[in-house]
Enquirer: 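The following block contains the structure, expressed as structure tokens.
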2 protein chains.
Amino acid sequence: MKAIDFRDLFKSYENYNEKEIEIEGWIRTIRDSKNFGFIELNDGTYMKNVQVVFESHLENFEEVKKYSTGSAISVKGILVMTPEAKQPFEIKATEITMEGESDPSYPLQKKRHSLEYLRTIAHLRPRTNTFSAVFRVRSLAAFAIHKFFNERGFVYAHPPIITASDAEGAGEMFRVTALDLDNVEKVDGKTDYTKDFFGKSANLTVSGQLEAEIFALAFKNVYTFGPTFRAENSNTTRHAAEFWMIEPEIAFADLSDNMQLAEDMVKYVVNYVLENAKEEMEFFNSFVEKGLLDKLDNVVSSEFGRIDYTDAIEILMKNNDNFDYSVQWGTDIQTEHERYLSEVIFKKPVFVINYPKEIKAFYMRMNEDDKTVAAMDLLVPGIGELIGGSQREERLDMLEKRMEEMGVPKEDMWWYLELRKYGGVKHAGYGLGFERLIMYLTGMGNIRDVIPFPRTPKNAEF
Amino acid sequence: MKAIDFRDLFKSYENYNEKEIEIEGWIRTIRDSKNFGFIELNDGTYMKNVQVVFESHLENFEEVKKYSTGSAISVKGILVMTPEAKQPFEIKATEITMEGESDPSYPLQKKRHSLEYLRTIAHLRPRTNTFSAVFRVRSLAAFAIHKFFNERGFVYAHPPIITASDAEGAGEMFRVTALDLDNVEKVDGKTDYTKDFFGKSANLTVSGQLEAEIFALAFKNVYTFGPTFRAENSNTTRHAAEFWMIEPEIAFADLSDNMQLAEDMVKYVVNYVLENAKEEMEFFNSFVEKGLLDKLDNVVSSEFGRIDYTDAIEILMKNNDNFDYSVQWGTDIQTEHERYLSEVIFKKPVFVINYPKEIKAFYMRMNEDDKTVAAMDLLVPGIGELIGGSQREERLDMLEKRMEEMGVPKEDMWWYLELRKYGGVKHAGYGLGFERLIMYLTGMGNIRDVIPFPRTPKNAEF
């Protein structure tokens, strides 16, 4: 007999009424009296537990009574319906076998633990309700993203992780080296990177966008989904040194196509998770963020708003007295402003477009006004910016001018410039921080709790 | 009117007979005579080109004649069937618009280029037939992997890229640092990593397996798919410093379950690619590896062989005279032996299992004989090892003994040991090098040609 996964069992348990089945999993709780006992078992494939009833006729009854929380067991038993009870069925055990003991020091006993404490046992926290739900939603959301782009014929591209170029301006990158740091060879007091593995200084990527542009100008529609890095020494609930990004890039496309794609993608992923993680989403709605399901339903059913940066600033200025940071044309929009726009003004997700060139990156396409660039940020209620993107500057002379103005070295970027020389059609793209999406989907408030093993200043445990 | 993607057009062109459509793409070739001309257009969404016919009645006929290879254009025109010709239809242009010019210095002119040369223009090579096929197959294979595991309810886990632990023994890892290498602070002559970003020495991961075990012991069935790194200074056709790995890990499972999963996965991915990349696979079969399709059909239709290492050595020893390296019990199996077993002896993929403990990693489960461990390598005709895996040592005392014998520091691995203390049921897993799979699927002979921007010694361009 082969054990049935819980996710299958909860779909088909009615077929097993009064039949013997085998299940396996880890003991979440166990309690007993003189002649019988109950085990809440979870096998990790589903949010819900199966209740196992064991009685004194079991050969190893006395032994089973002593099994401790966290132990792995296998159970043969008869499935019986329990229409009166909270759970739809239970298993009357005919045989219980220990598969992997758990020491009584097991930290995940019944009491509630703080999220802070659980971070210190990241090797065990996926076994709690909260984190099993978070990481299952993370997995499903990742699949939804691949499925969305696959259905539209997008090519999934893997830009390099180790790179010698820098998309957004240096200073916050991790260095990658095979040099012996105890004995760095120097030339004129400077590290001699010609002796390093790649023959020059190399870093961890902060974005795969520039390489995604290469692919978009060959395959038309492409996306990336991989890890990116920032050596930013900021200890906030929203920053991690290592996080995953999704970066679609589309050719023969402008800012408007780009917004449509982003809106379609967000709705697709939210829908997919709502449909495929019902129990998990109800759990979050009850225990993590009240109103989560309403919030997400609103995202799926509303048409996203669109507003020019210039118009948005006009609206925000009327409310300057109530902001910590007041705005005027030319200033960057902070989280408080983003949330005001999406929560108070639009009451739904909204794209802010056409930002002043001074506060955006060199590769964004200059608008006719010569003051703004074809940038877009998607702001969503409850979180602020979820997506940032732009139409890219495809005109070689304009791009070179912007690079000179902003001090971006052209020599290193010869290939990026050549893309404009050889069939460099209009194209656009955006970046979605995957962890930010998961925080939005689950209501979890700290990025450390939506990534399995967070990397933050002074922390690279596990 | 919105342009139709070629991949849709080639599926549905019969619906557009004699109708006007719009297409867009890059000029692969253009030739003309006095009153008409032909453009081979490709939009990147499909392997095949569309032939555009343009005639002298076009307003900008003389201009179009001068368009150069590599330019991006959009075309409105009437689709007409061409039953006599190689291509099933062509477009008679009514309007052609330049969308992005290409300089006449465009390197991808009609002549064939060497793979070595194309590596130097990795920003343009995805526009060639070969590389558009390679990277589309890569994308489809990646999706097939996600789809396979999703259908089986596996949780997709993201192990850390930056790590302070080391799964396979140090020495070949890249260091990740935010220290100023020109001015490294030292204590007693040694680099003071307490001043570094993570407060200790950190590296790029060589494998996500150990963290995947954490997830398997919570979710039962999990997999990873992400980049891994080796700072190995070897310039071969099969080694890159950065490559992608798939690492499934399954709990309540032994070596036999592990082999079954690997066999199912390989067949699923091969089938998916054969079905979804017909044109690309025929291209590889014709121009890259004759017999490729037969080879892959054989993989899909045969039951993979299984043989003990000890028996395999016996077979190999009979042929020692013909090997560059002769084998005996205890030696590692080299590529020539792997290929001999799968190509000559089994004539199909074969698992070799139960290797001597001395040549395998500390985490592999010790067999009853106390000499071999429950390891498995999948050897395939034409390439040798495709997959390596094992049942993991779940017995705490045995694991500690092996770590001591092999000098693996236990303090850093406290959490890995604790997995055995708390419900550490039997579990198993394997690793599949994604680039090796793509080489196998496409027949491409160099890892540099199956990864978009390869990282090798002295090379981190793009």
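Everything numeric here is computed off the predicted structure, so don't read it as measured data. First the proteins, then the strands, lettered A, B, ... as listed; each starts at 1.
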Enquirer: Given side chains that start at C-beta, do those of B:Phe434 and A:His158 come closer than 4.5 Å, heavy atoms only?
Expert: yes
Enquirer: Contact between B:Phe215 and A:Pro452 at the side-chain level, heavy atoms closer than 4.5 Å - yes or no?
Expert: yes
Enquirer: Could you state the interatomic distance from CD (A:Glu99) to NE2 (B:His427), rounded to the nearest 0.5 Å?
Expert: 14.0 Å
Enquirer: May I ask you to say whether A:Asp103 pairs ionically with B:Arg420, meaning some side-chain N is under 4.0 Å from a carboxylate O?
Expert: no
Enquirer: Top residue by heavy-atom pair count (under 4.5 Å) with chain A, among B:Ala3, B:Gly153, B:Ala216?
Expert: B:Gly153
Enquirer: Can you say whether A:Phe229 sits under 4.5 Å from chain B via the side chain, the backbone, both, or neither, judging by heavy atoms?
Expert: side chain
Enquirer: With chain A, which of B:Pro160, B:Gly424, B:Ala460 has the greatest number of heavy-atom pairs at distances under 4.5 Å?
Expert: B:Pro160
Enquirer: Is A:Glu185 close to chain B through its backbone or its side chain, or both, or neither, when contacts mean heavy atoms under 4.5 Å?
Expert: neither
Enquirer: Distance from B:Thr177 atom OG1 to A:Leu179 atom CG, nearest 0.5 Å?
Expert: 11.0 Å
Enquirer: Where on A:Ser71 is there a heavy atom nearer than 4.5 Å to chain B: the side chain, the backbone, both, or neither?
Expert: backbone
Enquirer: Which region of A:Asn276, side chain (C-beta onward) or backbone (N, CA, C, O), has a non-hydrogen atom less than 4.5 Å from a non-hydrogen atom of chain B, or is it both or neither?
Expert: neither
Enquirer: Using heavy-atom distances under 4.5 Å, tell me whether B:Tyr193 contacts chain A through its side chain, its backbone, both, or neither.
Expert: side chain
Enquirer: Which heavy atom in B:Ile214 sits nearest to a heavy atom in A:Pro126, and how many Å separate them?
Expert: CG2-CG, 4.3 Å
Enquirer: Tell me, out of A:His146, A:Arg127, A:Glu24, who's got the most heavy-atom pairs with chain B below 4.5 Å.
Expert: A:Glu24
Enquirer: Quick check for you: among A:Ser105, A:Ser68, A:Ser74, A:Pro107, which has the greatest number of heavy-atom pairs under 4.5 Å with chain B?
Expert: A:Ser105
Enquirer: Grab the two heavy atoms, one from B:Gly226 and one from A:Trp244, that are nearest each other, plus how far apart they are.
Expert: CA-CH2, 4.3 Å
Enquirer: Quick check on the interface: out of B:Asn459, B:Thr128, B:Ile121, who has the most heavy-atom pairs with chain A under 4.5 Å?
Expert: B:Asn459
Enquirer: A:Val184 versus chain B, heavy atoms under 4.5 Å apart: side chain, backbone, both or neither?
Expert: side chain
Enquirer: Sort A:Lys2 into side chain, backbone, both or neither according to what part of it lies under 4.5 angstrom from a heavy atom of chain B.
Expert: side chain
Enquirer: Work out which heavy atom in B:Val425 is nearest to a heavy atom in A:Ala72; give both atom names and the distance.
Expert: CB-CB, 3.7 Å
Enquirer: State whether A:Glu101 and B:Lys421 are salt-bridged, where the test is any N-O pair (Lys NZ or Arg NE/NH1/NH2 against Asp/Glu carboxylate O) under 4.0 Å.
Expert: no
Enquirer: Taking side chain as everything from C-beta outward and backbone as N, CA, C, O, which of these in A:Thr205 sits under 4.5 Å from a heavy atom of chain B? Side chain, backbone, both or neither.
Expert: neither
Enquirer: Assign the ring pair B:Trp414 / A:His123 to parallel, tilted or perpendicular, where the plane angle (0 to 90°) is split at 30° and 60°.
Expert: perpendicular
Enquirer: Which bit of A:Tyr416 comes within less than 4.5 Å of chain B, counting heavy atoms only: side chain, backbone, both or neither?
Expert: neither
Enquirer: Is B:Asp180 salt-bridged to A:Arg175, going by a charged N under 4.0 Å from an acidic O?
Expert: no
Enquirer: Which heavy-atom pair separates B:Lys186 from A:Leu181 by the least distance, and what is that distance?
Expert: CE-O, 4.0 Å
Enquirer: Check this for me, if you would: do B:Asp5 and A:Lys220 make a salt bridge, where the nitrogen-to-carboxylate-oxygen distance has to be below 4.0 angstrom?
Expert: yes
Enquirer: Using non-hydrogen atoms and a 4.5 Å limit, figure out which bit of A:Leu217 sits close to chain B: side chain, backbone, both or neither.
Expert: both
Enquirer: Which atom names give the shortest non-hydrogen contact between B:Asp196 and A:Lys458, and what distance separates them?
Expert: O-NZ, 2.9 Å
Enquirer: May I ask you to decide if the ring planes of B:Tyr422 and A:Tyr106 are parallel, tilted or perpendicular, using 30° and 60° as cut-offs?
Expert: tilted
Enquirer: Does the ring center of B:Phe174 lie less than 6.0 Å from the ring center of A:Phe198?
Expert: yes
Enquirer: So do B:Lys200 and A:Glu461 actually touch side chain to side chain, heavy atoms under 4.5 Å?
Expert: yes
Enquirer: Tell me whether B:Glu242 contacts the main-chain N or O of A:Ile161 through its side chain, where contact means a donor paired with an acceptor under 3.5 Å.
Expert: yes
Enquirer: If we define contacts as heavy-atom pairs under 4.5 Å, which of B:Phe453, B:Phe197, B:Trp415 has the most with chain A?
Expert: B:Phe197
Enquirer: Check the pair B:Ile162, A:Leu204 against side chain to side chain contact (heavy atoms under 4.5 Å, CB included), reporting the backbone distance first and the verdict last.
Expert: CA-CA 10 Å; B:Ile162 300 172; A:Leu204 287 179; 4.0 Å; yes
Enquirer: Which heavy atom of A:Glu151 sits nearest a heavy atom of B:Arg7, and at what distance?
Expert: O-NH2, 3.5 Å
Enquirer: Which bit of B:Thr456 is near chain A, if near means a heavy-atom gap under 4.5 Å: side chain, backbone, both or neither?
Expert: backbone
Enquirer: Side chain, backbone, both or neither: which part of A:Pro457 has a non-hydrogen atom closer than 4.5 Å to chain B?
Expert: both
Enquirer: Most heavy-atom pairs under 4.5 angstrom with chain B, which of A:Pro454, A:Ala241, A:Ser139?
Expert: A:Ser139
Enquirer: Taking the six-membered ring for Trp, are B:Phe143 and A:Tyr156 ring centroids under 6.0 Å apart?
Expert: no
Enquirer: With chain A as the partner, which of B:Ala202, B:Gly189, B:Gly100 has the greatest number of non-hydrogen pairs under 4.5 Å?
Expert: B:Gly100
Enquirer: Does any heavy atom of chain B fall under 4.5 Å from the side chain of A:Arg455, the backbone, both, or neither of them?
Expert: both
Enquirer: So, for B:Phe252 and A:Trp26, is the gap between ring centers shorter than 6.0 Å?
Expert: yes
Enquirer: What residue in B:Phe462, B:Phe225, B:Phe135 has the most heavy-atom pairs under 4.5 Å with chain A?
Expert: B:Phe462
Enquirer: Measure B:Val155 against the heavy atoms of chain A and call it side chain, backbone, both or neither at under 4.5 Å.
Expert: both
